[in-house]
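Contents: one structure, followed by commentary.
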Amino acid sequence: FSKLKTLISYRQWSNPQSFSNNLLTFLKNKEIETTLANQDTKVGISLCQGIVAKTGSIVITSTQGAGTHLTKFPEIFIVIAMTSQIFKSYKQIINLLPETPPKWIISIKSGKLIEEEIKELYLFVVEE
């Protein structure tokens, strides 16, 4: 989290925004101030459902609290993952979803989404 704080300070991002209330509180406890994201978010921070090690894909679902706040991706997107969220396949991630399926599942990988919507993507992996 010190590296995330350093990045935010170095890039002079004055208003990074979290995509869930839980993340907002969690980051505040780590002395990283954010606000709750809206449709005009330029720098957004999100949790993820998992990372597929083989492809480098980041899987995000509405269960991370982003369901009501993530209507489009911000230009600068920061994702926080735990080491336990790194998997060999998509199937492993899908098998861990709750019984009630999320409203949506998105896989972020190299391609149009990153080229057209997300201009900068940062991934922070945190040891548990």
Side-chain angles (χ1 to χ4, degrees):
F1 291 99
S2 66
K3 291 182 194 264
L4 177 56
K5 283 174 60 173
T6 300
L7 177 66
I8 291 169
S9 174
Y10 176 76
R11 294 295 304 273
Q12 299 178 351
W13 294 326
S14 60
N15 190 26
Q17 298 179 324
S18 298
F19 285 102
S20 74
N21 286 314
N22 291 342
L23 180 58
L24 189 135
T25 302
F26 180 74
L27 291 174
K28 188 173 187 169
N29 290 336
K30 301 289 184 185
E31 300 178 1
I32 299 172
E33 292 295 322
T34 63
T35 58
L36 197 57
N38 60 44
Q39 291 184 1
D40 298 323
T41 298
K42 181 177 178 180
V43 179
I45 305 174
S46 178
L47 299 172
C48 71
Q49 190 70 41
I51 299 169
V52 182
K54 199 173 200 178
T55 64
S57 299
I58 301 168
V59 178
I60 298 176
T61 70
S62 56
T63 59
Q64 277 80 54
T68 57
H69 303 290
L70 186 57
T71 55
K72 68 175 189 164
F73 284 97
E75 286 182 25
I76 302 166
F77 195 48
I78 301 166
V79 178
I80 299 173
M82 304 300 161
T83 52
S84 63
Q85 293 178 297
I86 301 173
F87 300 96
K88 291 181 182 178
S89 69
Y90 285 101
K91 184 177 180 180
Q92 290 176 305
I93 296 171
I94 299 302
N95 286 340
L96 292 175
L97 290 174
E99 271 187 44
T100 305
K103 293 179 182 177
W104 50 262
I105 300 171
I106 296 173
S107 176
I108 302 171
K109 57 185 176 181
S110 181
K112 277 193 168 189
L113 177 63
I114 292 178
E115 293 170 8
E116 295 176 3
E117 205 165 323
I118 300 172
K119 304 298 181 207
E120 296 177 40
L121 177 64
Y122 298 89
L123 174 64
F124 287 86
V125 179
V126 179
E127 271 194 66
E128 294 178 83

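In what follows, residues are counted from 1 in the order of the sequence shown. Reckoned from all heavy atoms, side chains included, excluding hydrogens, waters and symmetry mates.
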Spacing of OH belonging to Tyr10 relative to CD belonging to Gln12, to within rounding of 0.5 Å = 9.5 Å
CH2 of Trp13 to OG1 of Thr34: how many Å apart, nearest 0.5 Å?
-> 13.5 Å
Give the C-alpha distance, both sets of side-chain angles, the deciding distance and a yes or no for side chain to side chain contact (heavy atoms under 4.5 Å, CB included) between Ile58 and Phe77.
-> CA-CA 12 Å; Ile58 301 168; Phe77 195 48; over 6 Å; no
Derivation and outcome, side chain to side chain contact (heavy atoms under 4.5 Å, CB included), residues Thr55 and Lys109 | CA-CA 8 Å; Thr55 64; Lys109 57 185 176 181; 5.6 Å; no
Steps toward side chain to side chain contact (heavy atoms under 4.5 Å, CB included) verdict (Ile105, Ile94) | CA-CA 9 Å; Ile105 300 171; Ile94 299 302; 4.1 Å; yes
What closest approach, in Å, do Gln49 and Phe87 show between heavy atoms, and which atom pair accounts for it?
-> O-CE1, 4.2 Å
Ile106, Leu96: one ILVMFWY side-chain cluster at the under-4.5 Å cut-off?
-> no
Are the side chain of Gln85 and the backbone N or O of Ala81 linked by a donor-acceptor pair below 3.5 Å?
-> no
Least distance between heavy atoms, Val43 atom then Thr41 atom | O-CG2, 3.4 Å
Crowded around Lys119 NZ? As in, over 12 foreign heavy atoms under 6.0 Å?
-> yes
Looking at Lys54 and Lys88, what are the two nearest heavy atoms and their distance?
-> CB-O, 4.0 Å
Does Trp104 share a hydrophobic cluster with Val79, counting links as ILVMFWY side-chain heavy atoms below 4.5 Å and allowing steps through other members?
-> yes
Working to the nearest 0.5 Å, report the span between CD1 of Ile8 and CD1 of Ile76.
-> 10.5 Å
Are Ile78 and Leu23 connected in the hydrophobic side-chain network, where two residues link if heavy atoms are under 4.5 Å apart?
-> yes
When hydrophobic residues are tied together by side-chain contacts of less than 4.5 Å, even through go-betweens, does Phe26 share a cluster with Leu123?
-> no
Reported CG-to-CD1 distance for the pair Leu4 and Ile32, which is rounded to 0.5 angstrom | 4.0 Å
Kindly work out whether a path of hydrophobic side-chain contacts (I/L/V/M/F/W/Y, heavy atoms less than 4.5 Å apart) joins Phe19 to Ile51.
-> yes
Closest approach of Ser107 to Ser57 (non-hydrogen atoms, all atoms of both residues) | OG-CB, 3.5 Å
Between atom CD1 of Ile108 and atom SG of Cys48, what is the distance when rounded to the nearest 0.5 Å?
-> 9.0 Å
At their closest point, which heavy atom of Phe1 faces which heavy atom of Ile80, and how far apart are they?
-> CE2-CD1, 4.2 Å
Show the numbers, then the answer: is there a side chain to side chain contact (heavy atoms under 4.5 Å, CB included) between Met82 and Val126?
-> CA-CA 5 Å; Met82 304 300 161; Val126 179; 4.0 Å; yes
To the nearest 0.5 Å, how far apart are CD1 in Ile60 and CD1 in Ile93?
-> 11.0 Å
Side-chain contact, heavy-atom cut-off 4.5 Å: Leu27 with Ser18?
-> yes
Pro102 backbone acceptor or donor facing Thr61 side chain under 3.5 Å = no
Of all the heavy-atom pairs spanning Ser20 and Leu36, show the shortest one and how long it is.
-> C-CD1, 3.8 Å
